[in-house]
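To find a chain, count down the sequence lines: A is the first, B the second, and so on, and within it residues start at 1. Note: hydrogens, waters and symmetry copies are ignored here, and every other heavy atom, side chains too, is used. As the structure is a prediction and not an experimental result, all values here were calculated from the model.
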There are 2 protein chains.
Amino acid sequence: MAGTAAIKKAVTCENCSLDNLCIPKGLSQTEVESLGEIVNRNTIRQKGEALYHAGSAFKGIIALRSGSAKLLGVDRNGNEIVVDFMLPGELLGFDGLSTQFHQCTAIALETVNYCRLPAQQIELLAGTIPSLSQILLQRSGEQFDSQIQRMMLMRRTAEERVACFIVQVSERLKARGYAELEFRLSMSREDIGSYLCIAHETVSRIMHHFQTLGLIEVRSRQLKIVNKKGLLALYSE
Amino acid sequence: MAGTAAIKKAVTCENCSLDNLCIPKGLSQTEVESLGEIVNRNTIRQKGEALYHAGSAFKGIIALRSGSAKLLGVDRNGNEIVVDFMLPGELLGFDGLSTQFHQCTAIALETVNYCRLPAQQIELLAGTIPSLSQILLQRSGEQFDSQIQRMMLMRRTAEERVACFIVQVSERLKARGYAELEFRLSMSREDIGSYLCIAHETVSRIMHHFQTLGLIEVRSRQLKIVNKKGLLALYSE
DNA sequence: CGACGCTTTGAGGAGATTCAAGACACGTGG
DNA sequence: CCACGTGTCTTGAATCTCCTCAAAGCGTCG
């Protein structure tokens with residue numbers, strides 16, 4: 001097979017399909033090339049496997065190429081809660097930035113394929129590619145923003161949270177070129193409940209209620225949005 | 001008064017009392033000096049005034065020198081919730097990093113004095129002082145971490161949240177050299193309730209309950225921790 | 001010293017949780 | 001290809017935590 005090198009070449013940053021979602025967005029041609037050379041590419045994890053564990057050393061920022069994952073926060077009592085869901089093109093690992101040890105565990109919700117920008121290289125590259133620091137800082141800020149949005153949800157009722165969750169998943173899938181009105185949820189009701197801070201039974205009940213209202217059609221993890229405006233109206237006062 | 005220049009000199013980064021809490025921590029002598037030259041120093045805001053507004057352009061990272069502030073998140077309906085409380089030595093403004101527009105409003109809870117590292121300079125300095133980017137990235141990660149801690153609290157009862165809040169304020173004051181067992185809360189019950197996602201009446205009731213249990217002594221905003229271990233036990237299972 | 005805002009306290013009610021049991025989907029092995 | 005078993009999802013009923021509304025007490029600041 002003469003193609004091995006070619007395949008490796010095919011998944012470097014320069015011609016990655018995620019280039020306008022991932023780190024390279026905003027970098028120059030040459031910068032992307034030098035970035036491509038130091039990125040660990042094509043790592044694969046199966047459903048249920050960890051990308052990294054809470055307490056383990058921070059090894060770098062990860063860019064999801066395909067598949068989705070959940071980020072679990074762990075408190076001193078060992079309780080786990082879902083901090084965030086990560087979709088293709090999104091970056092994770094920021095929870096290891098401050099202490100150099102991960103505060104969260106990242107678990108694949110389905111088979112995932114990802115790249116990693118090694119931690120040591122981030123420091124070295126800060127001099128070579130100043131804009132890389134800018135981009136990472138910006139992405140880190142996005143994490144912060146989304147946590148704030150999440151906190152805002154906590155003041156609202158369970159119904160509003162579920163409605164918002166469904167719309168957000170839809171929007172994020174749309175941004176990545178997937179169908180926005182009909183999709184399969186990669187996470188369990190338990191995960192959704194944990195993420196929204198409600199019991200998984202409540203998630204079930206509310207989804208069923210939304211179906212009764214003609215807003216969605218739901219069958220286990222398969223979801224179809226029938227009336228998006230109606231969903232939006234539920235949490236936009 | 002020949003002292004004007006001397007006073008200005010006195011509040012530069014090189015001999016700031018917050019140097020091991022603020023940005024300079026981890027920078028070399030010369031790096032701190034060049035940092036000191038571009039920082040806008042000694043800005044003052046009275047209680048209730050804003051350090052910046054949601055929607056306004058991001059002007060840079062702010063370091064609180066004295067006084068405390070609250071960070072308000074605003075959703076599309078105009079509802080405000082307290083995202084975080086900021087104490088002296090802490091950095092804020094990260095909510096403007098991703099979009100270059102602030103997503104939050106920062107309000108002084110008492111008279112505050114702060115410095116600002118201008119946004120444009122951050123980019124320029126990334127080349128000159130590579131470690132500055134590292135530090136900002138690290139600090140940004142801390143924000144993320146504390147939001148995760150906050151989310152973990154949301155799965156717990158109102159009593160556990162209040163107990164945790166009291167201990168956290170105590171710890172943070174201690175880290176900054178203030179009395180850890182007796183202090184005055186700079187925020188209202190309303191603010192605390194918003195931060196913990198509970199009604200302000202519930203905050204009052206629970207604090208009174210803690211007093212009945214002999215854990216604290218509370219009189220309006222004046223707080224004394226009598227039995228810290230007891231408080232800790234309330235949320236450590 | 002008076003007024004306003006913040007804090008405290010009470011009663012009643014709504015929303016969400018918990019516990020329990022049954023239905024369904026999915027993967028495994030026969 | 002179907003039967004089986006396990007884990008997930010759904011549904012119900014009772015309970016409880018916390019919220020809402022209301023009013024009085026207290027502190028602070030002009």
### Message
Rounded to whole Å, please give me the gap between CD1 in A:Ile198 and C1' in C:dG15.
### Response
12 Å
### Query
Rounding to a whole Å, what distance do you find between B:Arg161:CZ and D:dT17:P?
14 Å
### Message
In whole Å, I'd like the distance from the CG atom of A:Leu185 to the P atom of D:dT8.
### Response
15 Å
### Query
Considering only D:dT8, D:dC19, C:dT7, which nucleotide approaches the side chain of A:Arg221 most closely?
D:dT8
### Task
Decide side-chain contact (heavy atoms from CB on, under 4.5 Å) for B:Arg189 and B:Met207; before the verdict, give the C-alpha distance in whole Å, the side-chain angles of both, and the deciding distance to 0.1 Å.
CA-CA 10 Å; B:Arg189 296 285 189 270; B:Met207 286 212 176; 4.1 Å; yes
### Task
Please state how far atom CZ in A:Arg189 lies from atom P in C:dA25, giving the value in whole angstrom units.
12 Å
### Query
Whole Å only: how far is the CD atom of A:Gln46 from the P atom of C:dG27?
13 Å
### Task
May I have the distance from B:Glu160 (atom CD) to D:dC18 (atom C1'), rounded to whole angstrom?
14 Å
### Protein-nucleotide distance (B:Leu196, atom CG; D:dC18, atom P), rounded to Å
12 Å
#### Entry: Minimum-distance nucleotide (side-chain atoms of B:Ser188 versus D:dC18, D:dC9, C:dT7)
C:dT7
### Message
side-chain contact (heavy atoms from CB on, under 4.5 Å) for B:Met154 and A:Met151? Distances and angles first, verdict last.
### Response
CA-CA 9 Å; B:Met154 297 297 106; A:Met151 285 311 308; 3.9 Å; yes
### Query
Rounded to the Å, how far apart are A:Gln222 CD and D:dC9 C1'?
15 Å
### Message
For a quick check, with a 4.0 angstrom heavy-atom cut-off, what is the B/S/- contact string for nucleotides 20-30 of chain D, read 5' to 3'?
### Response
BB-----SS--
### Query
Is a side-chain N or O of A:Arg221 found less than 3.5 angstrom from the main chain of A:Arg184, in a donor-acceptor match?
no
### Query
With a cut-off of under 6.0 Å to the ring centre and 45° to the axis, is A:Arg150 in cation-pi contact with A:Tyr195?
yes
### Query
Which pairs with one or both residues in residues 87-105 of chain A pass side chain to side chain donor-acceptor pair (under 3.5 Å), sequence neighbours excluded?
A:Tyr52-A:Asp95, A:Glu90-A:Arg172, A:Glu90-A:Arg176, A:Asp95-A:His102, A:Ser98-B:Asp145
### Message
Just verifying a value: how many Å separate B:Ile81 CD1 and B:Leu72 CG, rounded to the nearest 0.5 Å?
### Response
9.0 Å
